[in-house]
Protein chains: 4
Amino acid sequence: MKYKDEKKIEAIFEATLRLTGTVGIAGLKMSHIAKEAKIASGTLYIYFESKEELLNSLYAHLINQGTLRKIPQFSHLPVKDQLAKIWESSLIFRVDNHTQIVFIEQFSISPFISKEGQKQTKKFTHHIKSLLDKGKEEGQVKNLNTQLMYSLLVGSIREFANERVKDKKRANKKFIAETFNLAWEAIKETA
Amino acid sequence: MKYKDEKKIEAIFEATLRLTGTVGIAGLKMSHIAKEAKIASGTLYIYFESKEELLNSLYAHLINQGTLRKIPQFSHLPVKDQLAKIWESSLIFRVDNHTQIVFIEQFSISPFISKEGQKQTKKFTHHIKSLLDKGKEEGQVKNLNTQLMYSLLVGSIREFANERVKDKKRANKKFIAETFNLAWEAIKETA
Amino acid sequence: MKYKDEKKIEAIFEATLRLTGTVGIAGLKMSHIAKEAKIASGTLYIYFESKEELLNSLYAHLINQGTLRKIPQFSHLPVKDQLAKIWESSLIFRVDNHTQIVFIEQFSISPFISKEGQKQTKKFTHHIKSLLDKGKEEGQVKNLNTQLMYSLLVGSIREFANERVKDKKRANKKFIAETFNLAWEAIKETA
Amino acid sequence: MKYKDEKKIEAIFEATLRLTGTVGIAGLKMSHIAKEAKIASGTLYIYFESKEELLNSLYAHLINQGTLRKIPQFSHLPVKDQLAKIWESSLIFRVDNHTQIVFIEQFSISPFISKEGQKQTKKFTHHIKSLLDKGKEEGQVKNLNTQLMYSLLVGSIREFANERVKDKKRANKKFIAETFNLAWEAIKETA
DNA sequence: GATGAATGAGGTTTCATTCAT
DNA sequence: TATGAATGAAACCTCATTCAT
């Protein structure tokens with residue numbers, strides 16, 4: 001990737017995300033991406049060596065900015081509150097950036113993904129699991145298999161977000177609180 | 001018809017599912033499907049008019065069998081037990097037929113899906129929601145937004161199943177019970 | 001060609017002629033010919049080694065029965081009357097067997113025609129030219145280039161027949177007489 | 001458009017005509033057309049959506065130029081002279097552009113022709129018939145069925161031209177005059 | 001002999017990539 | 001750098017021919 005024109009790269013990324021939402025990764029064509037980004041198809045190859053590199057770059061770009069950035073700053077709060085904060089930012093992010101989410105999910109199982117890309121999702125996972133383990137130690141979270149609880153959180157937040165997008169609504173305070181409480185009920189230690 | 005038969009269609013479908021698991025919908029090629037199904041590429045076109053029709057047929061085929069078949073027969077049990085039964089069969093189905101699940105999820109956002117295919121998932125959704133409503137009336141399920149509880153169930157079961165597949169394990173009794181209890185904690189009415 | 005069943009060969013020929021009329025030689029498919037002849041496509045290969053052989057056989061078959069058969073028997077009549085007789089039978093033949101004519105004309109310039117087929121049209125040509133030469137000697141026909149007069153006769157009879165077919169009419173006495181007289185005017189010796 | 005140009009379309013058309021002459025419409029292959037036109041096969045699809053569209057475009061192109069262009073300018077001459085002029089240009093055109101003629105005749109009965117293409121030949125027909133009608137009124141042309149006379153002219157000019165091509169000669173003044181006089185004898189009013 | 005499903009070579013078409021401008 | 005027409009490998013699909021029944 002060259003950095004001649006960040007604006008253009010951004011336009012290409014956005015075009016790609018938009019198209020993935022409509023035709024899926026299987027339907028992406030370089031010529032369409034170019035047209036959607038309002039550049040010539042040859043220009044794509046000034047910024048990216050190939051379609052594969054374009055998609056992998058976009059993937060890396062998305063992974064490196066998601067919710068992750070914001071995680072550290074809450075580390076002083078109690079476990080439940082930290083989870084609530086992550087829940088909030090994740091939900092908002094997933095609802096507001098649905099095209100990106102769709103891209104990431106599709107790309108993960110496409111023939112384009114490189115060995116590189118496959119390990120980048122793990123940081124987020126690791127952070128949540130650490131929190132759950134801490135919660136267990138502190139007696140706020142059930143003493144169950146961490147992986148199971150993690151799956152419940154991640155799976156349901158995904159579904160909540162998709163539902164919200166389907167309804168064309170944003171994630172307001174009330175929705176965030178209700179859904180978090182629901183999930184929290186599942187994992188919290190009860191007396 | 002002399003040897004043109006159901007067996008061959010089944011072989012084509014299975015080959016397609018297997019390949020979708022490895023290369024995704026984006027990587028599916030008719031020649032590969034043929035080879036995987038151990039037939040000549042021309043033979044594919046005896047059974048299906050085009051790649052698009054093949055994929056849509058497979059989609060319809062999968063939608064028309066899934067867990068749905070088994071739902072009715074539990075209708076005499078209490079709500080929690082019915083949900084547990086559905087949970088069990090869904091989880092087992094999703095783990096044992098992961099390639100099919102992957103295909104369905106990818107196909108839904110691919111450029112191949114026809115108008116037809118898009119409306120077939122709703123029966124399952126409706127049945128679960130009815131159960132939750134009944135549970136609310138009977139005081140066993142929290143008096144919360146049904147959609148939210150539905151999303152939690154569906155989202156987490158998806159994730160549980162994926163996790164299980166990733167670990168290359170089947171869904172045994174213990175796993176099923178643990179995960180169901182976890183999810184049930186979230187939605188059950190607490191005195 | 002085997003002679004197991006003349007009826008079937010006839011059916012195949014007729015099917016081929018009918019289809020040539022609708023889709024042209026370029027559009028002929030063995031499977032269509034089979035369906036039109038109400039036999040299985042494999043059966044075609046019992047009677048003909050290949051598509052090429054089928055078409056060449058049909059061509060030879062048509063060439064060997066056309067108007068030619070009837071030419072000799074008029075040889076005692078005056079030139080004009082002989083030409084009129086040939087004119088009549090040619091016109092009637094071309095109108096009534098239009099599909100055959102179309103086939104012959106298309107086949108002559110198709111990639112299927114074999115070296116063999118190309119020389120079979122010449123007998124007819126030769127006979128007419130002899131007649132014209134005899135007419136010239138006897139002072140009934142203009143003393144012009146025989147080839148030119150032959151072309152006028154052949155070209156216009158072709159067009160007359162096509163016109164008649166286009167109008168979905170048969171070639172009645174009046175039409176035959178009128179057209180012959182018209183052409184005869186062109187070549188007859190005028191005092 | 002940078003180098004996409006008319007020249008390339010012309011090259012494609014010419015390549016197609018040349019090949020039609022050798023292998024007929026039935027033998028035309030896109031890859032051969034491309035090679036004959038000295039371009040890549042993919043390039044064909046920049047200019048034409050499909051083989052069908054290429055052939056229809058060529059047909060339309062040929063129909064829209066032929067002799068027709070030159071007809072109007074002779075409208076002040078006597079009928080016989082006008083016919084002679086048209087005869088001359090038609091004959092020359094048919095001899096010099098034999099590949100085009102072959103293409104048009106084959107294409108008209110091929111499976112590729114669209115509804116569009118089928119009605120474009122009529123202008124020429126109409127013009128000649130008007131001339132003949134005028135000739136009848138003015139007493140220069142026989143008072144016979146116009147259609148019949150038209151068929152004789154058209155049919156024989158086709159044959160004269162084909163004969164000339166077969167002999168690999170061009171249409172010189174003498175040949176043009178002789179053939180026209182022959183045809184004119186057929187239709188001119190005598191006494 | 002008759003059938004028609006199966007085959008696969010070869011045709012048509014697509015689309016990632018190149019390159020002359 | 002930017003363009004988009006040109007390229008051609010590789011995909012999709014067809015159809016003459018074969019062959020198990």
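Throughout, a chain's letter reflects where its sequence line sits, starting with A, and its residues are numbered from 1. Both backbone and side-chain heavy atoms feed into the values below; hydrogens, waters and symmetry mates do not. Keep in mind the model is a prediction, meaning the values are calculated, not measured.
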Check ion pair C:E105-C:R94 (N to O, under 4.0 angstrom):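 Yes, charged N to carboxylate O under 4.0 Å.
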In whole angstroms, how far is the [atom2] atom of [N] from the [atom1] atom of [X]?
| X | N | atom1 | atom2 | value |
| --- | --- | --- | --- | --- |
| C:K35 | F:dA16 | NZ | C1' | 16 Å |
| D:I46 | E:dT12 | CD1 | C1' | 16 Å |
| D:K7 | F:dA6 | NZ | P | 13 Å |
| D:L44 | E:dT13 | CG | P | 10 Å |
| D:I33 | E:dG11 | CD1 | C1' | 12 Å |
| A:Y47 | E:dT17 | OH | P | 18 Å |

Heavy-atom side-chain contact between A:T99 and A:T20 under 4.5 Å: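 They are not in side-chain contact.
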A:R158 and A:I101, any side-chain heavy atoms less than 4.5 Å apart: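 Side-chain contact under 4.5 Å: no.
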ring-ring contact (aromatic ring centres under 6.0 Å, His included) contacts in which one or both residues fall within residues 6-35 of chain D, not counting sequence neighbours: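 Applying ring-ring contact (aromatic ring centres under 6.0 Å, His included) to every pair that reaches into residues 6-35 of chain D, excluding sequence neighbours, yields D:F13-D:F48, D:F13-D:H61.
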Nucleic acid footprint by protein, nucleotides 8-13 of chain F - heavy-atom cut-off 4.0 Å, B for base, S for sugar-phosphate alone: B--SSB
Sidechain-backbone polar pair: D:K51 side chain, D:L28 backbone, donor-acceptor under 3.5 Å: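 Judged by distance alone, yes, a pair lies under 3.5 Å.
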N/O donor-acceptor pair under 3.5 Å between C:Q106 side chain and C:G24 backbone: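 No.
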side-chain N/O B:K8 vs E:dA6 OP1/OP2, d < 4.0 Å: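 Yes, within the criterion.
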Rounded to 10 degrees, the angle between the two terminal axes of the helix from E:dA2-F:dT21 to E:dT21-F:dA2, each from five pairs: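 Roughly 0° between the end axes, to the nearest 10°.
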Evaluation steps, side-chain contact (heavy atoms from CB on, under 4.5 Å), between B:Y59 and B:S108: CA-CA 9 Å; B:Y59 183 71; B:S108 314; 3.9 Å; yes
Of residues 16-25 of chain A, the positions that come close to DNA chain E - non-hydrogen atoms, cut-off under 4.0 Å: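 The answer is none.
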Any residue meeting side-chain contact (heavy atoms from CB on, under 4.5 Å) with C:S50, in chain and number order, not counting sequence neighbours: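 Here the qualifying residues are C:E52, C:E53.
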Residue list, side-chain contact (heavy atoms from CB on, under 4.5 Å) with B:I39, at least two apart or on another chain: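 Counting only residues at least two positions away or on another chain, B:I39 forms a side-chain contact (heavy atoms from CB on, under 4.5 Å) with B:K8, B:I12, B:A34, B:A37, B:T43, B:L44.
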Test side-chain contact (heavy atoms from CB on, under 4.5 Å) applied to C:V23 and C:K29, step by step: CA-CA 10 Å; C:V23 298; C:K29 286 166 203 173; over 6 Å; no
Neighbour count above 12 (heavy atom, 6.0 Å) for A:E10 CD: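 Enclosed: over 12 neighbouring heavy atoms sit under 6.0 Å from CD of A:E10.
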